[in-house]
Participant: 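Supplied in structure tokens, the structure appears directly below.
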2 protein chains.
Amino acid sequence: MLLFLSTFQNKVDKKGRVSVPATFRAALAPQSFPGIIAFRSFTSACIEGCGMDFMENLSSRTDQFDLFSAEQDDFTSLIFADARQLAWDPEGRIGLPEDLTAHAGITDTAAFVGKGRTFQIWNPEAYRAASEEARQRALRTRLTLPAQRPEGGPA
Amino acid sequence: MLLFLSTFQNKVDKKGRVSVPATFRAALAPQSFPGIIAFRSFTSACIEGCGMDFMENLSSRTDQFDLFSAEQDDFTSLIFADARQLAWDPEGRIGLPEDLTAHAGITDTAAFVGKGRTFQIWNPEAYRAASEEARQRALRTRLTLPAQRPEGGPA
DNA sequence: GAGATTATGGGATATCATGGGAAAATATGG
DNA sequence: CCATATTTTCCCATGATATCCCATAATCTC
């Protein structure tokens with residue numbers, strides 16, 4: 001199972017810990033780092049989550065900018081500087097740092113939302129509202145996906 | 001765990017020592033040299049930090065310049081001549097040389113900023129201002145990453 | 001319905017950041 | 001070449017934090 005699917009609501013205990021859904025952990029099992037990478041979304045009031053491989057992939061892509069260029073610098077500031085490695089304990093829980101929960105408005109419950117290669121962590125009510133809006137928007141504009149790009153080709 | 005992620009603020013004691021974040025030390029653990037490489041940034045008021053492997057990679061890149069050319073000469077002066085090996089003590093602390101702290105305006109607190117393959121060391125307030133600017137710039141210009149390269153990267 | 005897996009709670013333990021003193025290494029001066 | 005001063009490195013102590021471990025309840029699977 002390589003994709004993050006479905007939505008799970010788990011409790012945040014008084015220590016700030018929350019269980020990562022078992023299916024998400026299974027999706028991350030092949031990774032080198034036993035946990036998740038999390039950073040503040042810069043478009044929504046939520047936390048972005050992914051595996052270390054996703055960050056490695058991002059790093060490779062930023063290598064396409066010239067080293068020490070302004071673009072490379074801005075991008076790495078935005079993502080890598082803000083990202084946090086959250087290792088899970090033997091029971092599969094992570095501790096959510098205060099600045100992340102503050103950004104997402106999370107207090108006693110967290111919603112893990114599958115997004116395919118990544119996932120998000122929301123305040124449950126905030127997510128309900130945001131997802132309903134997204135659904136309305138999709139119906140209004142007849143949202144479509146671009147056709148798949150041909151794989152491979154000259155490097 | 002090959003990437004430098006997140007931002008950490010550590011104190012500089014009266015001896016000029018500061019703890020390298022444990023996760024950064026872990027990322028540098030495979031290296032032969034038990035410490036970091038540091039040199040003055042020539043784009044910002046901060047200290048650039050990395051491992052020896054990255055310096056070797058830089059050396060390869062300077063090979064793109066003609067040997068003994070002005071560019072090659074400038075680049076190697078800016079980086080290699082200025083770089084210093086800072087070994088950490090048994091507790092994971094390094095001593096920051098005065099010329100580096102002066103360049104970054106660091107006095108009693110240092111911010112270690114993850115940048116992927118490298119990291120930076122800032123005066124905390126200076127970094128807050130610079131990162132906020134970078135964030136605004138990135139959002140304004142809708143900075144995006146080039147599409148994934150056909151080869152390499154996780155599936 | 002039985003066994004296994006998962007989510008949750010709380011106490012014990014280890015790790016990390018930090019401070020200060022002792023010992024060693026280096027530099028300075030006669 | 002030795003004595004002294006200065007710097008650097010090492011060692012130990014401490015508080016705060018994060019991690020581990022065990023126990024229990026809810027859920028899922030077969």
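Reminder, nothing fancy here: chain letters follow the sequence lines and each chain counts from 1.
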Participant: Looking at residues 118-128 of chain A, who's got a heavy atom less than 4.0 Å off DNA chain D?
Facilitator: none
Participant: Taking the side chain as everything from C-beta on, heavy atoms only, tell me whether A/Glu91 gets closer than 4.5 Å to A/Ser19.
Facilitator: no
Participant: Fit a plane to each ring of A/Phe24 and A/Phe119, take the angle between them on a 0 to 90° scale, and name the class: parallel (under 30°), tilted (30 to 60°) or perpendicular (over 60°).
Facilitator: tilted
Participant: In the 5'-to-3' direction, what one-character label does each nucleotide of nucleotides 10-20 of chain C receive under the scheme B = base within less than 4.0 Å of a protein heavy atom, S = sugar-phosphate only, - = no such atom?
Facilitator: BB----SSBBB
Participant: Can you tell me the distance, in whole Å, between the CD atom of B/Glu98 and the P atom of D/dT7?
Facilitator: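 After rounding, the reported distance stands at 12 Å.
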Participant: For B/Ala111 versus B/Pro124, what's the shortest heavy-atom pair and its separation?
Facilitator: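 Shortest heavy-atom separation between B/Ala111 and B/Pro124 comes out as CB-CA, 4.1 Å.
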Participant: Within a strict 4.5 Å, meaning less than it, do heavy atoms of the B/Thr7 and B/Trp122 side chains meet?
Facilitator: no
Participant: Rounded to whole angstroms, how far apart are CD1 on B/Ile94 and P on D/dT9?
Facilitator: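 Atom CD1 in B/Ile94 sits about 11 Å away from atom P in D/dT9.
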Participant: So, are A/Arg84 and A/Asp99 salt-bridged, with charged N and O less than 4.0 Å apart?
Facilitator: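 Between A/Asp99 and A/Arg84 there is a salt bridge, with a charged N closer than 4.0 Å to a carboxylate O.
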Participant: Could you check whether A/Lys14 pairs with A/Asp108 (Lys NZ or Arg NE/NH1/NH2 to Asp/Glu carboxylate O, under 4.0 Å)?
Facilitator: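 No salt bridge links A/Lys14 with A/Asp108.
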Participant: Test side-chain hydrogen bond (donor to acceptor under 3.5 Å, both in side chains) on A/Ser59 and B/Arg117 and set out the steps.
Facilitator: CA-CA 7 Å; A/Ser59 177; B/Arg117 306 277 176 214; 3.2 Å; yes
Participant: Which one of A/Thr62, A/Asp73, A/Ile79 satisfies the side chain to side chain contact (heavy atoms under 4.5 Å, CB included) criterion with B/Lys115?
Facilitator: A/Asp73
